[in-house]
Amino acid sequence: MALLNILHYPDKRLHKIARRVEVFDDRIRKLVADMAETMYAAPGVGLAATQVDVHERVVVIDVSETHSELRVFINPEIIWSSKEHVVHEEGCLSVPGIYDEVERAESVRVRAQNEKGETYEMDCEDLLAVCIQHEMDHLMGRVFVEYLSPLKQTRIRNKMKKLERAM
């Protein structure tokens, strides 16, 4: 396993739309393992392949306190979402140190595949529902700050550019 480099907003590569995974082989299993290791080391609760400059529809999530419930979503799609919405404070490994409130569906049903290519469905609620929606946005080339006002987006973009120059 290896730690992967996480892209930081406003890197243009974060806006690429990820393509479907068609072949479930050792390369995909290694990608999932490396993404999980990277997410845990960051530390974070979710990571999309887009964030590590791999533009395929792969997401890893673990919202457990003990980091013992890794969930893998390959080619995820939301097939149902609740009419009820919640506002939740979100952060992102691609926008370190920035947190703000985003409104999302309170619960969703996701259809996805695991590392073996087996299709499954999962009902997600609470933090898991927020997290899967956040990560699936990455697969569509969207970062959570894009839900915020133009003024906040500009401030965050400038702050991130300043941090990149300082590194």
Between Glu135 and Ala48, is there a donor-acceptor pair closer than 3.5 Å when you use the side chain of the first and the backbone of the second?
yes

Who pairs with Arg104 by salt bridge (charged side-chain N to carboxylate O under 4.0 Å, His left out), at least two apart in sequence or on another chain?
Glu90, Asp137

Closer than 3.5 angstrom, by distance alone: can the side chain of His85 be matched with the main-chain N or O of Lys83 as a donor-acceptor pair?
yes

Near Glu118 CD, under 6.0 Å, is it more than 12 heavy atoms from other residues, nucleotides or ligands?
yes

Side chain to side chain, Arg142 and Tyr147, heavy atoms closer than 4.5 Å
yes

Counting C-beta onward and ignoring hydrogens, is there a side-chain heavy-atom pair between Gln133 and Val108 closer than 4.5 Å?
yes

Any salt bridge (Lys or Arg N to Asp or Glu O under 4.0 Å) pairs touching residues 147-158, not counting sequence neighbours?
Asp100-Lys152

Just by modelled atom types, is the Ala2 backbone N or O under 3.5 Å from a matching donor or acceptor in the Asp34 side chain?
yes

Which pair of heavy atoms, one from Ala49 and one from Met35, lies closest together, and at what distance?
N-CE, 3.3 Å

Does Ile98 share a hydrophobic cluster with Leu14, counting links as ILVMFWY side-chain heavy atoms below 4.5 Å and allowing steps through other members?
yes

Salt bridge (charged side-chain N to carboxylate O under 4.0 Å, His left out) against Glu37, all qualifying residues, sequence neighbours excluded
none

Closest non-hydrogen atom pair between Ile156 and Val145, with its separation:
CD1-CG1, 3.7 Å

For residues 160-167, which side-chain donor-acceptor pairs fall under 3.5 Å, sequence neighbours excluded?
unit_1: Glu164; atom_1: OE2; unit_2: His8; atom_2: ND1; d: 3.1

According to salt bridge (Lys or Arg N to Asp or Glu O under 4.0 Å), does anything in residues 41-51 pair up with another residue at least two apart or in another chain? List the pairs.
none

For Ser107 and Ser82, indicate whether the former's side chain and the latter's backbone hold a donor-acceptor pair under 3.5 Å.
no

Taking every heavy atom of Ile78 against every heavy atom of Trp80, the minimum-distance pair comes out as CG2-O, 3.3 Å

Residues Tyr120 and Asn114: closest non-hydrogen pair is CE2-N, 3.9 Å

Could you tell me if Ser94 and Gln51 have a donor-acceptor pair between their side chains, going purely by distance under 3.5 Å?
yes

Whether Tyr9 and His15 hold their rings parallel, tilted or perpendicular, with breakpoints at 30° and 60°:
perpendicular

Flag, side chain of Asp62 to backbone of Ser64, donor-acceptor distance under 3.5 Å
yes

Any side-chain heavy atom of Leu70 sitting closer than 4.5 Å to one from Val60?
yes

Taking all non-hydrogen atoms of both residues, which atom of Ala105 and which atom of Val86 are closest, and how far apart?
O-CG2, 4.4 Å

What I'd like to find out is whether the side chain of His88 reaches to under 4.5 Å of the side chain of His134, using heavy atoms alone.
no

What I'd like to find out is whether the side chain of Met140 reaches to under 4.5 Å of the side chain of Arg57, using heavy atoms alone.
yes

Heavy-atom nearest pair, Leu93 first then Ile6, reads O-CG2, 3.7 Å

For a 4.5 angstrom cut-off between non-hydrogen side-chain atoms, does Ile132 reach Arg71?
no

Quick one: list whatever passes salt bridge (charged side-chain N to carboxylate O under 4.0 Å, His left out) with Arg13, sequence neighbours left out.
Asp11, Asp53

